[in-house]
Undergrad: 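This structure is in structure tokens; I'll ask about it shortly.
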Amino acid sequence: MTIRVRFAPSPTGNVHIGNIRVAIFNWLYARSQGGKFLLRIEDTDLERSTPQAIATLLDALNWLGLHYDEEAVYQTAMRHRHDDAVKLMIEQGHASRKSEGEPTILHLHEGLFDPSFVTEPRDAAEIDVSQGELFANPCALVHETTSSKGEVFTRPIAWDSLACLEIETEDGQRVAGSVLRDKTSECNTDATSLLGKKPVKLHFKRRYVFYDDMVLGRLEKPLDSLRDLVIARSDGSPVFHLANVVDDVEMGITHILRGNDHIENTYRHLFIFKAINAAPPKYAHFPMIVNAKGKPYSKRDGDAYVGDFKEKGFLPECLFNFLALCGWAPGDGREIMKREEMVKAFSLDRINSSAAQFNCEKLEWMNGQYLTKMDLLTLLPLIRAELKNEGIAAGDFDAKWLARLIELEQERMRTIKEFVEHTSYFFADQVQFDEKAVKKVLQKNEGAGLKIIAGILSILQSLADWTEKALEEKITAFAEGKGLKMGDVAQPLRVAITGGTVSPGIWETLFLVGRERALARISRVLAEVKPE
RNA sequence: GUCCUCAUAGUGCAGCGGUCAGCACGUCAGAUUCUCAGUCUGAAAACCGGGGUUCGAAUCCCCGUGGGGAUGCCA
């Protein structure tokens, strides 16, 4: 059987890195297992789902190379399947609806207790009901308590989940649970009046719902802590749980890999699979990513939208790599990995079980590493696009010239955006001067820096051969002749040419700025800047 | 309230009964270079608390504490 996994986002708001990491893990699992990676768009929330959100979602998947194998499934198109499933469950006596205008409820009754996910009654258990009120109805015992803050908690416990139930009353007597169950009418009936005395404790044998999570191991939950579940709303529309399960069956999903916010849902979903006579898939839950405050990301805040990373000049292969490493590691210390390497090394049992905080600084470092190792021909169009994006007519610049500039800047930039930030003086006619730099490097010490560039100006003016090599020779000779350190010469020049104190090597910079502009900039500085 | 789940440096990972608790980002210091970046070298920095089990626990169990989640019509 081939493995089939899916990414099932709801297109409400912008897809954030937490969502996309779920997609990455699914994709990696599918590829590592030779399985299929499918996409289902859960657009049943008509109020909040927008075409625009779907577009940005598809865009993000495409950008990151998360290609899916079959046509995307839109959940709204599956509505009739959901309705059929509800009908089936009612027919088979698993679900019921009191009347039109009421929700449809799936009952946790013995008919659904499959040994593959519900244990036999196992541990002797008791629930203290001395505080609060106890009610009974045909489906459940309902324990209602009020917290110190005044919140009311109702805890309905399905009769069938309480094996060998005995109810202890205030006088120490024990009454068989069946007595109470038989006496209940339609509504919640006060247990005290049914029994003639106040119940204080429930004694029973506890069953557990369980499944084997491929990341977390065996997970279980007392069956009595689960209540019947709504599968269709009052208006008849299917709720998430129902739609989700039915679609997974329809799509032949074999493995569900999702965030651990769904751990609890899984216990419920198992009953739905059973109620529609379908075999449940295997599950793996992994931790969510949290933001710098340690809180979960939310679409509502527009937090960490994937498109923002594209905008900021991160490379998709880097973001992919980085997100895969949030909660997963190959185990041998490798960090920067090609996609094929990750596919090869990926396994669910190496996924971490604790939440990962997103560390943007490390992402920037990693992006810098990617950029440094990147092939020039691959990088060139990305830079051109970004220049264009910034309103710089990149087409006007000679390809060789631009290539050389990229070469020089390649290991200095951490994002594509930084390239533009670092290199504005190569493209502009006028330079933006950093006043501090001008003061410190040119004006200080009675204009020592100015004197130096004045001296060098005449040498450069007479230089016919404007090449990196020639510039290096002339400037070095100048420094040596004057008994100056290279830094004493390079920095004043750098400020005059670039406006600031940071640039690639000075002769490379001079060369690329070009003879005309370089000389003009030095002359202008000499004309306009006066010693302190 | 009840239930589920998680917990190793500031951050991300490694460790899965015996390690001087390792790696990476970041931080700090030094080296190199005309500045920056990079590269190289070095440093500081962690097993949430308390009980057990064991000759021996970061590792297994229990109880706390803290974070996240669920608790009948969000997905």
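Numbered from 1 within each chain, the chains take letters A, B, ... in sequence-line order. Only a predicted model underlies this, so the values are computations on that prediction, with no experimental measurement involved.
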Undergrad: Students often get this wrong, so: under 4.0 angstrom with heavy atoms, is A:His241 touching a base, only sugar-phosphate, or nothing?
TA: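 Touches a base.
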Undergrad: Can you pull the salt bridge (Lys or Arg N to Asp or Glu O under 4.0 Å) pairs that have at least one residue in residues 212-222 of chain A, sequence neighbours excluded?
TA: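 Applying salt bridge (Lys or Arg N to Asp or Glu O under 4.0 Å) to every pair that reaches into residues 212-222 of chain A, excluding sequence neighbours, yields A:Arg122-A:Glu220, A:Asp212-A:Arg218, A:Lys221-A:Glu264.
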Undergrad: Answer yes or no: are there more than 12 heavy-atom neighbours, outside A:Glu407 itself, under 6.0 Å from its atom CD?
TA: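 Correct, the count exceeds 12.
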Undergrad: Base, sugar-phosphate, or nothing for A:His143, non-hydrogen atoms under 4.0 angstrom?
TA: nothing
Undergrad: Base, sugar-phosphate or nothing for A:Gly333? Non-hydrogen atoms, less than 4.0 Å.
TA: nothing
Undergrad: Kindly state each residue pair satisfying salt bridge (Lys or Arg N to Asp or Glu O under 4.0 Å) with at least one member in residues 38-49 of chain A, sequence neighbours excluded.
TA: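 Counting only pairs at least two positions apart or across chains, the salt bridge (Lys or Arg N to Asp or Glu O under 4.0 Å) contacts touching residues 38-49 of chain A are A:Arg40-A:Glu42, A:Arg40-A:Asp247, A:Arg40-A:Asp248, A:Asp45-A:Arg48.
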Undergrad: Suppose we screen for side chain to side chain contact (heavy atoms under 4.5 Å, CB included). Which residues come up paired with A:Ser237, at least two apart in sequence or across chains?
TA: A:Arg79, A:Arg233, A:Asp235
Undergrad: Below 3.5 Å between N/O atoms, which protein atoms pair up with nucleotides 39-48 of chain B? Just atom names and distances, please.
TA:
none

Undergrad: Which pairs with one or both residues in residues 350-363 of chain A pass side-chain hydrogen bond (donor to acceptor under 3.5 Å, both in side chains), sequence neighbours excluded?
TA: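 Sorted pair list: A:Glu335-A:Lys362, A:Asn352-A:Ser354.
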Undergrad: Check this one for me: any side-chain N or O of A:Arg233 less than 4.0 Å away from OP1 or OP2 of B:C74?
TA: yes
Undergrad: Using only heavy-atom distances, determine whether the side chains of A:Thr509 and A:Ser503 contain a donor-acceptor pair under 3.5 Å.
TA: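 Side-chain D/A pair, A:Thr509 to A:Ser503: present.
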Undergrad: Checking base pairs now: Watson-Crick or wobble, both atom distances under 3.5 Å. What partners B:U41?
TA: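 Result: B:A29.
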Undergrad: Tell me, please, which residues at least two apart from A:Arg258 pass side chain to side chain contact (heavy atoms under 4.5 Å, CB included).
TA: A:Arg6, A:Asn244, A:Ile256, A:His262, A:Thr266, A:His269, A:Tyr283, A:His285
Undergrad: How is A:Arg227 classified with respect to the nucleic acid when contacts are heavy atoms under 4.0 Å: base, sugar-phosphate, or nothing?
TA: base
Undergrad: For nucleotides 28-30 of chain B, list the nitrogen or oxygen atoms of the protein found under 3.5 Å from its nitrogen or oxygen atoms, one pair per line.
TA:
none

Undergrad: One character per nucleotide, please: for nucleotides 5-16 of chain B, 5' to 3', B when the base has a protein heavy atom closer than 4.0 Å, S when only the sugar-phosphate does, - otherwise.
TA: SSS---BBSSS-
Undergrad: Within the structure shown, what part of the strands sits under 4.0 Å from A:Pro287 by heavy-atom distance: base, sugar-phosphate, or nothing?
TA: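 Result for A:Pro287 = nothing.
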Undergrad: Quick one: salt bridge (Lys or Arg N to Asp or Glu O under 4.0 Å) pairs with a partner in residues 482-510 of chain A, sequence neighbours left out?
TA: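 Qualifying pairs, neighbours excluded: none.
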Undergrad: Describe, in one word, how the ring planes of A:Phe346 and A:Trp328 are oriented to each other, choosing from parallel (under 30°), tilted (30 to 60°) and perpendicular (over 60°).
TA: tilted
Undergrad: Suppose we screen for side chain to side chain contact (heavy atoms under 4.5 Å, CB included). Which residues come up paired with A:Glu421, at least two apart in sequence or across chains?
TA: A:Lys417, A:Glu418
Undergrad: Please list residues of residues 480-503 of chain A whose heavy atoms come under 4.0 Å from any atom in RNA chain B, ordered by number; otherwise none.
TA: A:Met486, A:Gly487, A:Ala490, A:Gln491, A:Arg494, A:Thr501, A:Val502, A:Ser503
Undergrad: Checking side-chain polar atoms at under 3.5 Å, does A:His94 have a donor or acceptor matched by the opposite partner on A:His107?
TA: no
Undergrad: Using purine N1 to pyrimidine N3 plus N6-O4 or O6-N4 for Watson-Crick, or N1-O2 and O6-N3 for G-U wobble, both under 3.5 Å, which nucleotide pairs with B:G64?
TA: B:C48
Undergrad: List the residues meeting salt bridge (charged side-chain N to carboxylate O under 4.0 Å, His left out) with A:Glu411, not counting sequence neighbours, and say none if there are none.
TA: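 For A:Glu411, no residue satisfies salt bridge (charged side-chain N to carboxylate O under 4.0 Å, His left out) once neighbours in sequence are set aside.
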Undergrad: Atom CZ of residue position A:Arg81 - does it have more than 12 heavy atoms of other residues, nucleotides or ligands inside 6.0 Å?
TA: no
Undergrad: B:C6 and B:G38: how far apart are their P atoms, nearest whole angstrom?
TA: 39 Å
Undergrad: Does either side chain, that of A:Asn19 or that of A:Tyr297, offer a donor lying less than 3.5 Å from an acceptor on the other one?
TA: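 No.
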